[in-house]
There are 2 protein chains.
Amino acid sequence: MGQPPHILVVDDHAQIRESVTRYLAKNGMRATAAKDATDMDAKLAAGHFDLVVLDVMMPGEDGLSACRRLAAEGAVPVIMLTALGEEPDRIAGLEIGADDYLAKPFNPRELLARIRSVLRRSSRGEPLAGKLAGRRVRFEHLVLDTDRQILVDDEQGEIPLTDSEFRLLVVMLERARMVLSRDQLLDLTAGRTAGPLDRTIDNQISRLRRKIEPDVLRPRIIRTVRNGGYCLATDVEEQA
Amino acid sequence: MGQPPHILVVDDHAQIRESVTRYLAKNGMRATAAKDATDMDAKLAAGHFDLVVLDVMMPGEDGLSACRRLAAEGAVPVIMLTALGEEPDRIAGLEIGADDYLAKPFNPRELLARIRSVLRRSSRGEPLAGKLAGRRVRFEHLVLDTDRQILVDDEQGEIPLTDSEFRLLVVMLERARMVLSRDQLLDLTAGRTAGPLDRTIDNQISRLRRKIEPDVLRPRIIRTVRNGGYCLATDVEEQA
DNA sequence: TGGAATTGTAGCGGTTTGTATCAGGCAACC
DNA sequence: GGTTGCCTGATACAAACCGCTACAATTCCA
């Protein structure tokens, strides 16, 4: 793993969130906190995570229900935290698709060990193009072929994309019409966090625009949001 | 899962062996018992198992030691049974490479849930379950005959593969659409870890591409992921 | 044991990508 | 309306990465 793994901690108790994220950060991981299932969904959409630590008891959507959703999607492994410690609940957690669980109160060291264990198991690579792997999608006058990593222009034919152009485009297509900050884009495409003078994303956007915008001086597909980031301002539809 | 999973239960107490194997059999699994590490090795060599349930405390070779061996080999997932229930030991079990553990005395239903959880986890990333052996698979314009270690091109006929080309191709076919780092590939094909200037995998990819890519200059089947590794970007289907 | 095939190592060169820098544009404020 | 300051677009350059060839080491087999 080139980058330290990124963990999302979901718990409604602020104190637990903070102590856990701090402990994980101290032990060489990146940790982000979410306060409920809605927050979790937002964070998952906005960044890249290698594992989710999920509390069972939460206001709003239940932890078990949230876990079931994540497991069905299969994109990210889950460790459940249960305050009950009762067998039926513990078993329910596993049967629902959690990769592991831990009874509260727990030893942080043990949580860390379990996270490492689950990560080791699921350390095989992620799919290249995310949910778009193996598909072809159309937007405006272009069709992206994710297998061949090329764009097909309705008139001009094939346009090859470099790796970073391709990753950036895939990330934006998966989040069409959402405003994505440079930080988010850098996290999603390269899995790293930006330095203070980082113009990497600006540069890549510029290069990508040259390949997809009919009029580079007045970009329509990738719109700039001043002080916000960038936004793919077009509809995306799947192609047979 | 076509076949019911086959579980090997290793414990020196005859009573536990029997009750566990009986319980697993009643719940749709095949279960076999072994009374110590030596017996375990014999059973593993004689047949195929999907998971090993391993007691920590055993006469002869220690359970932790046996677990370390199995984990190093990486062929089969392990669930440890510990009579102690003490944290330090539990953590040691995970750090040694066990996929999960359970403290005695345990609820058989929970053991079953954990077995299912680990099996689900370890089968998720292996679409063909590593059991490409003895099968024939098709991808793009090629059919790989694993028995003869030969590719059959739809038009050009048979293409022989060297050992390392074959191993590399099998590993990638088993993980189609996943991005595999050079480290992972070297580990999976040769069982060793890469040095700092190791270009072995690049070289083997290059040689393999020459045999399978219609246009070597623009590879379509095995794609390079800059800073990531390689990815087999095509569907793989089993052939009768 | 000798020769052929296979596999690992070294190095060159092209491509891609991150960083630095400058120029233009938008907004706020006087 | 002009000016100032920040933000973004574009260019240039340097470093990193990867493909390929050539060669050395190893293995395999007769």
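Here is how names work: the chains are called A, B, and so on, in the same order as the sequence lines, proteins then strands, and each is numbered from 1. Being a predicted model, the structure only gives us computed values, none of them experimental.
If you measure from atom CD1 of A:Ile222 to atom P of D:dT8, you get 15 Å, rounded to the nearest angstrom. Rounded to an integer number of Å, the gap from B:Ile205 CD1 to D:dC17 C1' is 15 Å. When rounded to the nearest whole Å, the span between CD1 of A:Ile201 and P of C:dT17 equals 12 Å. Following rounding to the nearest Å, B:Arg209 (CZ) and D:dG19 (C1') show an atom-to-atom distance of 8 Å. Put simply, CG on A:Leu217 is 7 Å from P on D:dA10, counting in whole angstrom units. For the pair A:Glu213 CD and D:dA10 P, the interatomic distance rounds to 10 Å; values are reported in whole Å. Atom pair B:Arg182:CZ and D:dC17:P shows a separation of 9 Å (rounding to whole Å applied). Look at CZ on A:Arg210: it is 13 Å from P on C:dT16, rounded to the nearest Å.
When all heavy atoms of B:Arg167 and B:Thr189 are compared, the closest pair comes out as NE-O, 2.8 Å.
Between the side chains of A:Ser181 and A:Asp183, no donor-acceptor pair is found at a separation under 3.5 Å.
Here A:Ser206 does not reach the OP1 or OP2 of D:dG9: none of its side-chain N or O atoms lies under 4.0 Å away. One finds a side-chain N or O of A:Tyr230 lying less than 4.0 angstrom from the OP1 or OP2 phosphate oxygen of D:dG9.
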Protein-proximity profile, nucleotides 6-15 of chain C, B/S/- by nucleotide at the 4.0 Å heavy-atom cutoff, equals SBBB-B---B

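The neighbour count for A:His6 NE2, taken as heavy atoms of other residues, nucleotides or ligands under 6.0 Å away, is above 12.
Salt-bridge check for B:Arg220 with A:Asp147: failed, with every basic side-chain N at 4.0 Å or more from each acidic carboxylate O.
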Would A:Arg138 and A:Asp154 count as a salt bridge (Lys or Arg N to Asp or Glu O under 4.0 Å) if you check the C-alpha gap in whole Å, the side-chain angles of each, and the deciding distance to 0.1 Å?
CA-CA 10 Å; A:Arg138 159 173 285 276; A:Asp154 285 348; 3.0 Å; yes

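Checked options A:Glu238, A:Glu237, A:Glu174; the residue passing with A:Arg135 is A:Glu238 (criterion: salt bridge (Lys or Arg N to Asp or Glu O under 4.0 Å)).
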